Colleague: 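My structure is below; once you've seen it, I'll send some questions.
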There are 2 protein chains.
Amino acid sequence: MLTGLSLFEMRVNNRIFYLYQMVSLTEENYLKTLYRLAGENQEISVKNIAESLNIKMPTVNSMVKKLAEKKFIRYEKYKAIELTEKGRKQALYILRKHRLTELFLSEVLSLGWEEVHDIAEQIEHIQSDRFFDRIDEMLGHPQFDPHGEPIPDANGKLPVYKSFPLSDGRINKVYKLAGVANHDGSFLQFLDSLGLTLGATIEIKEIQEFDKSMSVKLNNKTKTIFSFTVCRNLLVM
Amino acid sequence: MLTGLSLFEMRVNNRIFYLYQMVSLTEENYLKTLYRLAGENQEISVKNIAESLNIKMPTVNSMVKKLAEKKFIRYEKYKAIELTEKGRKQALYILRKHRLTELFLSEVLSLGWEEVHDIAEQIEHIQSDRFFDRIDEMLGHPQFDPHGEPIPDANGKLPVYKSFPLSDGRINKVYKLAGVANHDGSFLQFLDSLGLTLGATIEIKEIQEFDKSMSVKLNNKTKTIFSFTVCRNLLVM
DNA sequence: ATAATAAGTTAGATTGATCTAATAAAATTA
DNA sequence: TAATTTTATTAGATCAATCTAACTTATTAT
């Protein structure tokens with residue numbers, strides 16, 4: 001079934017033509033998966049795609065050839081797959097629709113966050129910019145969903161995260177390390193020894209009233225305790 | 001693509017089993033069309049279906065066989081096609097989703113009534129009773145859409161029209177002739193001469209203050225003027 | 001470095017929804 | 001009623017998305 005459209009640039013005799021190209025529901029789902037894998041720093045391989053979409057490798061193989069023909073990805077036999085700018089844009093377009101829908105279902109229709117995903121998986125393929133723009137408006141052009149995931153804007157631009165000190169964080173929330181406020185060697189060494197690199201996750205488990213120290217879980221593995229000073233110097237988002 | 005589910009009754013060894021049967025998006029669209037044709041008192045023929053759905057007759061022919069196997073319709077070669085009770089229920093289920101969606105898009109998302117249909121055609125196939133029940137709730141369980149079309153309830157029951165005299169109607173609304181309060185031959189002849197049969201549409205264009213006469217448009221074609229007496233005797237819904 | 005294992009590819013089949021061309025039945029007109 | 005026209009059906013092709021089985025290339029382990 002054909003669902004989406006993609007703006008397609010074509011050069012003939014040195015002149016540029018723009019035309020809309022149909023994108024099937026299946027293709028949209030592949031692009032979404034490719035984008036997600038790339039974001040998770042996983043290799044975009046035939047195997048990974050097949051597992052993500054729960055289909056067999058030969059199916060992925062032929063689809064990947066089609067997506068390459070349509071210039072959504074770069075693909076050479078036996079090599080790793082890469083999204084092109086066009087593919088990334090298309091993926092972000094769907095992602096926008098998905099996240100706006102989730103937020104809408106949750107905020108406006110008061111559906112539970114757990115049931116919202118499956119419905120959004122269906123609605124994200126609806127072809128109507130007006131529909132999603134209205135939802136976007138109604139929600140006040142949100143930049144992040146309740147999981148802290150960024151919502152691309154109408155031009156496919158991702159909002160920039162604004163980081164803040166971990167000490168401003170809330171209990172039971174998961175943050176990502178975005179930077180440090182203190183660049184002393186000893187502090188950086190301390191982080192190193194805990195395996196805390198940029199992008200590492202920090203979950204706040206407990207906060208002590210008396211000294212504002214925090215019990216945290218790092219990268220969903222190591223548990224430890226951070227003093228208020230440490231918390232103030234860790235910039236997260 | 002599989003979208004909907006249909007409750008299916010099966011008898012084995014005199015025992016009844018219920019199971020859910022998949023209904024494809026295409027099948028849903030056929031059922032909708034069949035129901036509409038039946039409602040318009042058009043013959044449900046291969047040709048009519050083909051024209052409605054803008055596909056070729058042989059395609060319809062094979063689909064019709066499949067729908068018959070699934071017990072959504074009764075079909076015999078060269079004979080007229082009939083919806084079964086199961087088919088009718090399924091059609092009403094989709095119709096409900098369609099009309100609730102239209103109303104929702106118009107009332108809640110403030111989309112124009114003209115742009116609402118195409119979006120609803122897509123959303124009606126979303127598989128989530130929770131989603132549509134929420135919308136239904138939010139709209140206060142509406143029984144009719146802005147065109148006066150009935151919205152089936154969650155059990156597939158159509159609301160009963162309550163007819164009222166056209167003289168109680170409002171400007172710019174479209175009504176359907178449901179009966180007459182005066183059965184005099186001359187009155188009926190008058191209606192006849194205007195091509196006003198049961199189900200004919202009457203749109204109120206203007207209402208004169210001084211004598212309550214109405215400028216109306218009949219069947220979206222003929223324009224004329226009805227006296228208050230005529231309006232009082234036309235029962236519409 | 002070679003053997004074993006994992007990942008990727010090709011070939012060919014299947015299913016659902018569609019088509020065209022050819023044929024058959026039903027309805028209409030002369 | 002016979003001829004003509006309309007409608008319905010059958011047969012066979014195509015296309016997208018999927019599969020299994022068999023084969024090839026790349027990676028890993030011994």
Side-chain angles (χ1 to χ4, degrees), chain A residues 1-6 21-34 37-38 42-83 90 94 121-122 125 127, chain B residues 1-6 21-34 37-38 42-83 90 94 121-122 125 127:
Chain A
M1 196 186 57
L2 294 173
T3 56
L5 289 174
S6 158
Q21 192 184 44
M22 281 300 192
V23 189
S24 76
L25 189 147
T26 312
E27 287 166 355
E28 290 198 346
N29 283 332
Y30 274 83
L31 288 173
K32 249 176 50 186
T33 296
L34 293 233
L37 288 175
Q42 287 191 55
E43 204 195 354
I44 310 188
S45 64
V46 171
K47 190 177 177 246
N48 280 341
I49 301 171
E51 276 173 3
S52 290
L53 292 171
N54 208 20
I55 53 184
K56 303 299 174 190
M57 285 171 57
T59 309
V60 172
N61 188 259
S62 39
M63 197 61 187
V64 144
K65 285 177 184 168
K66 193 199 282 185
L67 290 173
E69 248 176 44
K70 292 192 171 183
K71 313 276 188 203
F72 287 121
I73 60 175
R74 271 181 292 278
Y75 163 74
E76 275 181 88
K77 267 193 190 183
Y78 300 107
K79 298 251 172 83
I81 295 159
E82 284 177 347
L83 270 176
Q90 191 65 23
I94 307 158
E121 288 274 298
Q122 302 177 62
H125 302 291
Q127 228 192 111
Chain B
M1 195 187 53
L2 293 173
T3 57
L5 289 175
S6 159
Q21 191 183 46
M22 281 301 192
V23 189
S24 75
L25 187 146
T26 312
E27 287 165 356
E28 290 197 347
N29 284 332
Y30 274 81
L31 288 173
K32 249 177 50 186
T33 295
L34 294 231
L37 288 174
Q42 288 191 52
E43 203 195 356
I44 310 188
S45 63
V46 172
K47 192 180 176 240
N48 280 341
I49 302 171
E51 276 172 3
S52 291
L53 292 171
N54 208 21
I55 52 184
K56 303 297 174 190
M57 286 171 56
T59 310
V60 172
N61 189 261
S62 40
M63 198 61 187
V64 143
K65 285 177 184 169
K66 193 200 281 187
L67 290 173
E69 249 177 43
K70 291 192 172 184
K71 311 277 187 202
F72 287 121
I73 60 175
R74 271 181 292 278
Y75 164 73
E76 275 181 87
K77 268 194 189 182
Y78 300 107
K79 298 253 173 82
I81 295 158
E82 285 175 346
L83 270 174
Q90 191 66 25
I94 306 159
E121 287 274 299
Q122 301 176 63
H125 301 289
Q127 227 192 114

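Residue numbering restarts at 1 for every chain, and letters A, B, ... go by the order of the sequence lines. Being a predicted model, the structure only gives us computed values, none of them experimental.
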Colleague: Among residues at least two apart in sequence or on other chains, which ones pass salt bridge (Lys or Arg N to Asp or Glu O under 4.0 Å) with A:Lys77?
Modeller: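 A:Lys77: no salt bridge (Lys or Arg N to Asp or Glu O under 4.0 Å) contacts found.
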Colleague: Please enumerate all residues that pass side chain to side chain donor-acceptor pair (under 3.5 Å) together with A:Asn29, with sequence neighbours excluded.
Modeller: A:His125
Colleague: Could you check which of D:dT18, C:dT9, C:dT18 has an atom nearest any side-chain atom of B:Thr59?
Modeller: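 Nucleotide nearest to B:Thr59's side chain: C:dT18.
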Colleague: Counting side-chain heavy atoms from CB outward, which of C:dG16, D:dT18, C:dT18 is closest to A:Tyr30?
Modeller: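 When the side chain of A:Tyr30 is considered, D:dT18 is the closest of C:dG16, D:dT18, C:dT18.
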Colleague: With a cut-off of 3.5 Å and sequence neighbours excluded, list every side-chain donor-acceptor pair involving residues 45-52 of chain B.
Modeller:
unit_1  : atom_1 : unit_2  : atom_2 : d
B:Ser45 : OG     : B:Asn48 : N      : 3.1
B:Ser45 : OG     : B:Asn48 : ND2    : 3.4
B:Lys47 : NZ     : B:Glu51 : OE2    : 3.4
B:Asn48 : ND2    : B:Glu43 : O      : 2.6
B:Ser52 : OG     : B:Arg36 : NH2    : 3.3
B:Ser52 : OG     : B:Asn48 : O      : 3.0

Colleague: Between B:Leu67, B:Ile73, B:Val23, B:Val64, which is the residue that forms a side-chain contact (heavy atoms from CB on, under 4.5 Å) with B:Tyr30?
Modeller: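 Of all the options given, the one that passes is B:Leu67.
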Colleague: Output the residues of residues 46-57 of chain A in contact with DNA chain C, where contact means a heavy atom of the residue under 4.0 Å from an atom of the strand; sort by number or write none.
Modeller: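 Nucleic-acid contacts, sorted: A:Val46, A:Lys47, A:Met57.
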Colleague: In whole Å, I'd like the distance from the CE atom of B:Met63 to the P atom of C:dG16.
Modeller: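 Rounding to the nearest Å, CE of B:Met63 and P of C:dG16 are 10 Å apart.
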Colleague: Enumerate the protein-to-nucleotides 21-26 of chain C contacts in which both atoms are nitrogen or oxygen and the separation is below 3.5 Å.
Modeller:
unit_1 : atom_1 : unit_2  : atom_2 : d
C:dA25 : O4'    : B:Tyr78 : OH     : 3.4

Colleague: Could you work out which one of D:dA16, D:dT9, C:dT9 sits closest to the side chain of B:Asn61?
Modeller: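 Out of D:dA16, D:dT9, C:dT9, the nucleotide with an atom closest to B:Asn61's side chain is D:dT9.
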Colleague: Is a donor on one side and an acceptor on the other found under 3.5 Å between the side chain of B:Lys65 and the backbone of B:Tyr75?
Modeller: no
Colleague: A:Lys65 has an atom NZ; how far is it from atom P of C:dG8, in whole Å?
Modeller: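 Checked: the NZ to P distance equals 13 Å.
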